[in-house]
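Each remark here refers to the structure printed beneath this line.
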Amino acid sequence: MKSALGLSIVVFSLAAASVPFWGSGYTINLLTQIFLFGFLASAWNFMALTGLVSLGHAAFFGVGGYTAAWLYLTWGANLVLGALVGAALAMFLAFVVYWTAFRSGLRGIYFSGLTLVLAEALRFAAINTPALGRSQGLELVSLHLPPFLLYGLSVTLLVLTVAGTLWLLRSPLGYRLQAVRENEDAAEALGVHTFRVKLAATLLSAGLVAIGGALHAVLLRFVEPESDFGLSLSLNLLLGTFLGGTGTALGPPIGIAVLFGLREGIARLGELFALGSSGIYALQQVLYGAMLMLVVVALPDGLVTRARRWWIEWRRASARPGSAGFQAGAQVASMAGLEAAAPGTARATSAVPSAQLASDSPAARPRAGGASAPASAYLEVIDVSRHFRGLAALSNVSFDLRRGEILGLIGPNGAGKTTMFNAISGIFPAQIGEVRFKGERLSGLAPHQVCQRGVARTFQIVQPFAGLTVLENALIGALSRYARIAEAREAALAALVQVDLHAKRDLPAASLTLQDRKMLEFARSLATGPELILLDEVMAGLTASEQSQIADKILEIRDTGVSFLLVEHAMRAVMRLSDRIVVLDHGQVIASGLPSEIARDPGVISVYLGRSLAQTPVDRAA
Amino acid sequence: MEKDQHSIGQDNRRWTRRTVLKQAAAVAGAAFLPRFASAATEIPIGVVVGLTGAAADYGRDALRAFELVADRVNLSGGIKSLGGAKIKLLVADHQTDLRVASSETERLITRENVLGILGWAASGPARVGSEVGERYQVPSIDTSVDYKLTERGLKYFYRAAINTRQTCNRGVEFVQEMEKTQGAAVKRVAIVHEDLAYGTGAGDLFKEAIERVGRWQLVDRVAYTAAKLTEATGIVNKLKAQNVDVVFQASYPADGILIQRAMKQLRLDLVANVHPAGAPPNLQYVGNLKSDANYVITTLGWTSSMAERLPAGAKATVDEYTKRYKVAVQDQAGYSLSAAAAMVAALSRIKSLDRAELWQAIDKIDLSFGQDPNVIIPFGIKWDEKHDNAKAQAVVTQILGQQLVVVSPKDLALQAPVVPAPSWNKRG
Amino acid sequence: MEFSPSVIGQMLFTGALMGSIYGAVAMGFSLIFGVAKIINFAHAGVVLWVMYGVLVAVRSGVAHPYVAGLVAIPLCYVIGHGVQRTLMARVSAMSDDMQIIYTFGLLLVLTYMAQFFFGPDVHFLPSSGLAVEFGGVVLQVETIIAGALALGSALALHAFLSRTWLGKAIRASADNRRGATLMGLDVVRLSRVAMALSFALAALAGTILVTVTTFYPLRGLELAVLAFVIVVLGGMDNVFASFVAGVLIGMFEALGTLLFSPSIAHMAIYAMIFAVLLVRPQGLFRRRATK
C-alpha cells in the first residue's frame, strides 16, 4: 500500500513534469489552477484533521496574496520573500485569533462563524484601505514570469503537501490530530495537549494557504478584495476537501479536480443546449447545488474513502474464502481513518507478543520514582469545593488514597462523584482546596498534564475514537510518553495484551461490543503508563459475568503496582474490589472506611444504600 | 471641443454619399463573387464575455452586438482583403470570474488560435484577460469602462468604450456649465458610491475632478456595499445633515433605486444628482422608480434615445439590432457594436492572418461617426496614447418624463436640461 | 456635520427598524438550529421565494403585500412540515461540514430556480409614499409596519416558547435532545413543528422585506450570510436573542453609516462580532454551558 502510494506520487510527478512539453498554454493555465487549488485544499485539510470547520480560510489566502503584491509593488521585494512574509503574517494572525479562540473554548459552528467574520472583516478592511487600492485591488503589471514556472511551483507544492500529509498521518502529531477530531475531551484525558495540537494544525494550515494566496496573486497578477477574501474561496476549499474525503491525503486534491471538472462539464452541457441564455445558466447552478446535496447523501465520507472501501471489498471478494474475514475488516478500518497506518500496523502485527512481553512491558511498569514515594502522600484531596452557578457540587471534600490501594468512591446520583473525578483530572478544577499527587499539586494543571503525571482516567460514557482501530486508540495514550511511533506502538500492544484485546487490535473501535469498548478505555489509559487510574463506572451496563471479568482484570493490574480510584454503582463489585470506601452525598463526605464498616454504617445505609446492601455478601471484607 | 464638433459635422455631411456607394459595392461584390472563394477561409476571432455570473447582462449584450456585426460582414461577402474570408466568432464565457477569465482567454489563444479578441465586457475579467493577451501578443478590443484598464501601459489592449474617467469628468464639467448657464448655486458637494471596483474608481475620479474645480467644498464621500444595502435612509440622512447641493453618485440598479427612493422620502432637494452611467440607464431603474427617477442626470457614451439623431447608417444598425433581439440597444451593446466595427475595419486592412499585422492595423484605426454604419457611439474610434478611445465623448442625459433624454452636447440634445431639479414638494 | 436631534433621531429609528427586520430574517434560522440542530443556510432561499411569491401576487393584482403575506405564512408552515419530513429528514444527524454543504446546495438550488423563473432583474414594489413625520424624523409607513411586525412576531414567539406546552417541549428538546426523548417527547415531531415554524417566520420576513427593499435572486446568498452572522452573535439556539442581535446590528450599521460610511460600518460590524465571539464564545446572550 505504501509503495503503491509512493509509486503513484512518482508517476503523477513525472506525468505532471511532462505537460509543459506537450500541453497548450490553456492546459498549463488550467492545470496550474487545479493544482494550486488542490494544494490549498490539502492545506485546508490540515485544519479539517482536527474536526474544525473553517469558513474563513480566505482570510489567510488574502493576507498572503496582498502581502506579496504590496511588498512587490511598494518595495520591489522578491516574490518568494513576499510569499514567506505573507505566510508569516498569516500565521501570526492565525496564532492570535486561534490562541484566543481555543483558550475561550470556541467550538463547532461558533468557530465557523468566527472564521467567516474574520475573512469578511478583512475583506471590508481591504475595500476601505486606499493603500491597498480599495476594490480596485493591486495589479502586478510589470511582472512577467514564464507560465511553466508557476505551473512547476503549483505541482511541487501539491506533491510536497500530499506527501507531507501522508507523513503527518503516520506521525505522533497526526494520531493526536485524529484523536482531537474524534473526541477532544477523551484525547485531552489521554495526555494529548489538545490546545497545542489544534494550534499547530491551524497555524500550518494558515501559513500554507497564505503561500497559495501569494501564488494565486502571481498567477492572475492581480489581487482584489472579492476574489482574495471572498466567501466563495473558503466554500470551494470546504467543498473540494469534503468531496474527496476529509482527513485523507489524496482526498482534497481529487475533490478539487472533480469540482473543477463538474463545473466545466455543467458549463459545456449548457453550451450544448443554448449558449448565453441566462435561464440555462440558472439551471446549471441549480444542477450544481443539487449535486452538492447528492454528494452529501451518497458519499458522506468522500470519494477517496469510498473508493478504498470498494477496492478492499472487491479484493476480499476475489480472495480465497479462508483468508478473508479479519484482515480485510482491519484494512477497512484503518483505510477509513488513516490510510497510511496500514503498513505500520502490518509490521506490528507480525511481532507476536509473548506473555513475557506483557509482564515486562512498559505499560505495566509504573513511572520512575513510584516505589520510593512515601505511602501516606500518594493522592491527597484536601478541602476541595466546587460550585456551579451557586450550587455546591463539592464542599470541603477531603480524602486520600495510598499507593497500591483500590479506593471506592460511592454515593447516590448527583452526589458529586464525577465532579470529583473532573476536579482531579483537571477538566473542572477545584475552586477551593487542592489535589496533590505524590506531593505535587495537580490543581491548576490541564487534563493532559495530569495524565502525564501518571493519573489516567476513563469516562462514564465510553468514548473510543470510533474512526480509529483498537491499536490506534491505545497508541494515542502511549504517545503521551513515547515520542517515537515504534516505541509507542509496543507500549500500546502491551496494554492491549493486558486487557485481552490484542487479537482485535486491527478492528475499528466502532465495531467493538460494549464490554470491549470498556476494555479499550481501560487499555488506552493503561497505555499512558499510569500509576493511578480513575475508573468512572466501568461496570455500568455490563452483565454480572462481564463485571467479574473486569474486576479480575483490575485486581491483576493492581498487582503490577497501579492504584485505582473507583466510582461505581455496581455494589457487589465495589465491595469486592475496594480496599477502602469513601461515601459522598450532596457533595460532602459522609463516611469512609473499610467496605465492611461502610456496609454497616447506619448513616450510609439510610442515606444511600438501603436494605439491600446489608444483605449483600461482602466477600472481600469477610 | 469646438473643433471636434466641427469636424464631426463635416463627417455627417459626407456620410450619406459614401455609405451608399460602399453598400452598393458590397451588394454587387456579393452577387458576382464565385461561391467557393467566399468559403475559402475563416478568420477566428475570440469573444470572451460573461454570459453567466454577475455581469451576465453586459456579456449578453456584447455578444449580441458582436454577432450582429459579424453576420453583417459575412452576409455581405466576408472580408474582401482576405479573399472574402468569413469571420468566425469563437465564444467563451468568463462567468465574471477572474480565474475563468484567465484560463478561457488562454484557451481561445492557444487552442483556437484566435487572431484577435473582442471582450471582456466586465472590468475584473478584462484586467486579467488583457494580461493574458499581452503575454501572447494577441491584440484585443475591450468594451469595459473601468478607467484603470488603460493606465497599465499594455501594448496589445485597446478599449472602444467610453471610460469612467471620461464620464466622471464630463459630469463634473456639466455641473460647472450649469452654474454658468442656469445660475445654479453649488457650494457643497458629496460623492456617494458603491464600494466595488466600478463605484470606487468613479469615487476617486470624482474626487480628483472636484478638487480641480477648487471652489466647491467636498463635504463627504460615502462608500456603501451594494449587495448589503437593504435601505438607504441612513445614507441620505447623512447627506441631508451636511446640506449638500450636488451629489455625484455611482450605483448599481438595486441600490440606486433605494437611494433615490430615500432621497424622496427625506425630501433631499439637490441642484443635481449626477451618475457616470451605472444605475439610471438601466431599464429597471426607471421601471421601478417611475416618476421618482425624474431629473437624475447621467453621463454616458451611448443611450438608445440618441438613435434619432444618429447618421442614417448608424440608425439602421440600431434598428436592425432592436428588430433582431427585440430590445433597445443598451450602453454595453453600443460600445460593442463599435468595438466590432473597429475589429472589422482592421481586418479589412490586413493581407494575411497574422496577429502582428492585425495589431498594427488596429493601432491605426481611425473611424469617424457616420463613416462606418456599425459605429454608433459618438464620435468615432481613434486611439490615444493609452489606447483609450479619444473620439468617444460622453453625452449628458437626464431622466425627463421617465425617459433618458440627451441634454448635451447640443447637436445630439433633444431637450434642455432641468437644473436645478424641482424640489420634491413641488413634484406632486 | 451637524448632529441635530432630528438627524440622530432618524438614525436611531432607522437603525432599530431595519435591525428588527434583520432579526426577523435570523429568527427562523436560529429556531431550526436550536431544535433540529440544522445549520440551515437554505432558510434565506425560502425568504427569497416568499418575496417573489408576494411580488407576483401584487403585480398580477391579486392581493396587497400584507394579504399575500397572510396567505404565505400558513402555506409555508405546511411546506416546512413537509420539507422536514423529506429533504431535511436526515440532516440533523450530519456533521457540521456536511450540513453546511447540504443546505448551501439547497440554497443554490432555490436561488437559481428563482433566477430561472423570474430572471436576474431587480424588483421593487412601489411604496405607498405614506410617511410618518415627527420632530424632523421621517419614517416610511411600510418600514414602521415591518419593524412592528418583526418585533411582534419575536415577542409572540418568545411567549409561545416560554408559556405554552408545545413551546416548552420544543425548548426542552432544543436544550437536551436525549433528555427530551427520555421524557417521552417525540423529538422528530417537534423538529417538524420547528421547521414549519421556521418556514412561517421566513414567510413573515419575506413579506416585510418585499415592502421595504429591492431584490434580485442573488439577494438570497447575502441574506444567508446576514442571518448566519446575526445568529452566531446572538447565540445559535436562542431565538429571542437572535432578534435582539439583529436589532443590535441594525443600530450599529446606522451609527457607523452616520459617523463613517456603510462600507466601514460593515467592517466594524464584522470586527465587533469577531471580538464578541472571542470574549463570549457561545454568543452574546447565551450563558456559558455548565456541566
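Below, read A as the first sequence line, B as the second, and so on, with proteins coming before strands; counting in each chain starts at 1.
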Side chain, backbone, both or neither of A:P147 within contact of chain B (heavy atoms, under 4.5 Å): side chain

Segment of B:D146 engaging chain A (4.5 angstrom heavy-atom cut-off): side chain

Region of A:L220 that comes under 4.5 Å of a non-hydrogen atom in chain B: both

For A:Y151 against A:A16, the heavy-atom pair lying closest together: OH-O, 2.7 Å

When B:Q95, B:K148, B:E134 are compared by non-hydrogen pairs under 4.5 Å with chain A, the top option: B:K148

Chain A contact via B:T105 - side chain, backbone, both or neither, heavy atoms under 4.5 Å: neither

Candidate pair B:D388 and B:R159, rule salt bridge (Lys or Arg N to Asp or Glu O under 4.0 Å), full reasoning: CA-CA 5 Å; B:D388 258 324; B:R159 185 226 314 267; 2.6 Å; yes

Stepwise side chain to side chain donor-acceptor pair (under 3.5 Å) check, A:T27 with A:S24: CA-CA 5 Å; A:T27 311; A:S24 67; 3.0 Å; yes

Per-residue contact mode, A:E224 against chain B (heavy atom under 4.5 angstrom): side chain

Pair B:E106, B:Y136: side-chain N/O donor-acceptor within cut-off below 3.5 Å: yes

Which atoms of A:F260 approach chain B - backbone, side chain, both or neither, heavy atom under 4.5 Å: neither

Among B:R127, B:R135, B:R152, residue most engaged with chain A (heavy-atom pairs, under 4.5 Å): B:R127

Engaged part of B:R64 at the chain A interface, taking heavy atoms whose separation is under 4.5 Å: neither

Heavy-atom pair count under 4.5 Å with chain B, highest-scoring of A:I28, A:I127, A:L30: A:I127

Residues B:R324, B:D71; criterion salt bridge (Lys or Arg N to Asp or Glu O under 4.0 Å); working and verdict: CA-CA 12 Å; B:R324 179 163 167 181; B:D71 289 352; 2.6 Å; yes

Aromatic contact, A:F35 with A:F39 (centres under 6.0 Å): no

Heavy-atom proximity to chain B below 4.5 Å, by part of A:E226: neither

Side chains of A:R134 and B:T200, donor plus acceptor under 3.5 Å: no

B:K238/B:D220 under salt bridge (Lys or Arg N to Asp or Glu O under 4.0 Å): CA gap, chis, key distance, verdict: CA-CA 9 Å; B:K238 193 181 183 201; B:D220 206 350; 3.0 Å; yes

